[in-house]
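The structure presented is a predicted model; accordingly, all values stated were derived computationally and were not measured. Counting starts at 1 for both ligands and their atoms, in listed order.
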Amino acid sequence: MSDTGTGAANGATVIPVGSSYDVVVGHGVIDQVAGLLGDGTRKVLLVHPQGFDTYAVVVAEALSAAGLLVHLAGVPDNESAKDVTVAARLWSVMGELAFTRSDAVVAVGGGTVTDLAGFVAATWLRGVAVVHVPTTLLAMVDAAVGGKAGINTPEGKNLVGAFHEPAGVVCDLDVLATLPRADLVAGLAEVVKAGFIADPGILDLVEADPEGATRWDGRHTRELVERAIAVKADVVAQDLTESWLREILNYGHTLAHAVEQAEGYRRRHGEAVAIGMTYAAELAQRAGRLSPEVVARHRSVLSSVGLPTSYREGSFEQLLAVMRRDKKSRGDLLRFVVLEDVGRPVRLEGPDQAWLRDAFTAISR
Ligand SMILES: NC(=O)c1ccc[n+]([C@@H]2O[C@H](COP(=O)([O-])OP(=O)(O)OC[C@H]3O[C@@H](n4cnc5c(N)ncnc54)[C@H](O)[C@@H]3O)[C@@H](O)[C@H]2O)c1
Ligand SMILES: [Zn+2]
């Protein structure tokens, strides 16, 4: 990480993702998008949630001031943005605007918008530039970094998509001021995940001030965001496609996906991930990999910021059946990312049925 030296007012941090692109993090940096676009860019398709254009307008004005032709495209809110009909409408707009390879897409919104906009950018003319301006904590530390883009289909979430690295990412912590606390807390689950899989310093910071961690202007919030992004950036820079290293980012996600699916996606993703990490820790302990102290640390860190660590709503048999269909398992063999210690993720393949059940009992008490 380094200081951009763009002036005391901004004092932005720049986190490089390998040698591919930079993630800019700071307060009041939302208007820095123009600098991340190529010199030849003339037109910009700015994608944002309909009814949430507060920041989109700020970005659009900055881009216009830089001499770019900006077209604002409002899309449905939440997961309904990630639909092929929405993508098709954006392709039509690009056609009408005579969008060329040197023009660019800018996404201003949560992970649904960065996923959709990234997908549209990946597919138009087989790939035009996209800059992400994530406005949720989850999108800052996860969705906007790494180049995975996609939409949902009736058959499931994120089944259609592409790898398309952004030209840059701008994370302005000030935009988190309007994000509901529950959404910020849900995003924290991915931050804590980064701590458990790779950066114990994150866990120390949350433990030092759990209440502050749940606020956009908390004492350590900026450092937490930067460290979590650095973890994801490190992993994806070394591993663009889905093999082992990238798999560690799925810590807690095997059970989380099953919980989300069983509940019809009514729960926030981060909350399911918190439950899933607690389960993975209990499972690792039963597999003789992880100490009870680190399992207890999962519960204490997650619950200190208001994230759930237990799940009493569903049955083990139902969740097991869903997990067996999970794309992360190979054939009939269930596959989990577990920890041997903080910062030491390993793969656990085909765990004993008894361990799976006991771990579930431990989180459903
Ligand atoms: N591509 C990846 O690697 C990756 C990784 C993780 C998640 N994702 C995807 O991200 C999506 C979830 O993203 P999300 O949690 O950001 O949800 P989201 O995009 O649905 O945003 C949540 C809600 O917050 C609103 N919002 C956004 N910013 C706001 C702000 N600053 N103030 C007030 N309200 C604001 C949005 O309009 C929306 O209603 C999922 O579709 C998931 O598949 C992708
Ligand atoms: Zn996740």
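Polar contact check, Y55 against ligand 1: no nitrogen or oxygen pair lies under 3.5 Å apart. For a threshold of 3.5 Å applied to N or O pairs, the pair formed by V175 and ligand 1 contains at least one separation below that value. Checked against a 3.5 angstrom limit, the closest N/O atoms of G111 and ligand 1 fall inside it. Between R246 and ligand 1, no pair of N/O atoms sits closer than 3.5 Å.
Between the side chains of E79 and N152, at least one donor N or O sits under 3.5 Å from an acceptor N or O. A donor-acceptor contact closer than 3.5 angstrom is absent between the side chains of H269 and H257.
Counting atoms of ligand 1 from 1 in the listed order, those under 4.0 Å from a heavy atom of G110 are 16 (O), 19 (O). Counting atoms of ligand 1 from 1 in the listed order, those under 4.0 Å from a heavy atom of K232 are 3 (O). Using a 4.0 Å cut-off to heavy atoms of T135, the atoms of ligand 1 that qualify are 27 (C), 28 (N), 29 (C), 30 (C), 31 (N). Those atoms of ligand 1 with a heavy atom of K82 less than 4.0 angstrom away are 40 (C), 41 (O), 42 (C), 43 (O). Heavy-atom proximity to T112, at under 4.0 Å, picks out these atoms of ligand 1: 10 (O), 11 (C), 13 (O), 18 (P), 19 (O), 20 (O), 41 (O).
By the 6.0 Å contact criterion, CZ on R42 is open, its count of non-hydrogen atoms from other residues, nucleotides or ligands being 12 or less.
Rounded to the nearest 0.5 Å, atoms CG (D83) and OG1 (T153) are 9.5 Å apart.
When heavy-atom distances to ligand 1 are checked against a 4.0 Å cut-off, R268 has no atom that comes that close, whether in backbone or side chain. Contacts between E79 and ligand 1, counted as non-hydrogen atom pairs separated by less than 4.0 Å, involve the side chain only.
Contact of the T178 side chain with the T54 side chain is not registered, since no non-hydrogen atoms from C-beta on lie closer than 4.5 Å. Proximity of Y311 to V259: side-chain heavy atoms (C-beta onward) are separated by under 4.5 Å at one or more points. Counting only heavy atoms from C-beta outward, the side chains of T135 and L179 never approach each other to under 4.5 Å.
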Pair K148-E165, salt bridge (charged side-chain N to carboxylate O under 4.0 Å, His left out): steps then yes or no: CA-CA 7 Å; K148 271 210 232 173; E165 295 195 300; over 6 Å; no
Chi angles and distances behind the salt bridge (charged side-chain N to carboxylate O under 4.0 Å, His left out) call for R268, D183: CA-CA 8 Å; R268 285 181 181 80; D183 288 308; 2.9 Å; yes
Full working for side-chain hydrogen bond (donor to acceptor under 3.5 Å, both in side chains) between D174 and H27: CA-CA 6 Å; D174 289 351; H27 287 280; 2.6 Å; yes
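With respect to atom 30 (C) of ligand 1, the closest heavy atom belonging to the protein is F52 CZ, 3.2 Å. Remark: minimum distance from atom 33 (C) of ligand 1 to any protein heavy atom is reached at T178 O, 3.3 Å. In terms of protein heavy-atom proximity, atom 4 (C) of ligand 1 is nearest to A143 CA, 3.4 Å. In this structure, atom 23 (C) of ligand 1 lies nearest to the protein heavy atom N78 OD1, 3.7 Å.
Taking 4.0 Å as the cut-off, D183 does not count as a neighbour of ligand 1 on heavy-atom distance. The closest approach between M140 and ligand 1 stays at or above 4.0 Å for every heavy atom of the residue. Residue contacts with ligand 1: L176 is excluded, as none of its non-hydrogen atoms falls under 4.0 Å.
Here atom 5 (C) of ligand 1 lies nearest to D142 when heavy atoms of V145, D142, D77 are compared. Atom 7 (C) of ligand 1 has its nearest heavy-atom neighbour, among L138, D115, T114, T136, in L138.
Between F360 and F316, the angle of the ring planes lies from 30° to 60°, which puts this pair in the tilted group.
At the Zn ion (ligand 2), the angle from OE2 in E190 to NE2 in H253 is 110° when rounded to 10°.
Across every non-hydrogen atom of H132 and T114, the tightest pair is CE1-O, 3.3 Å.
Counting protein heavy atoms under 4.0 angstrom from atom 25 (C) of ligand 1 gives zero.
Electrostatic pairing of R227 and E223 counts as a salt bridge here, judged by a charged N lying under 4.0 Å from a carboxylate O.
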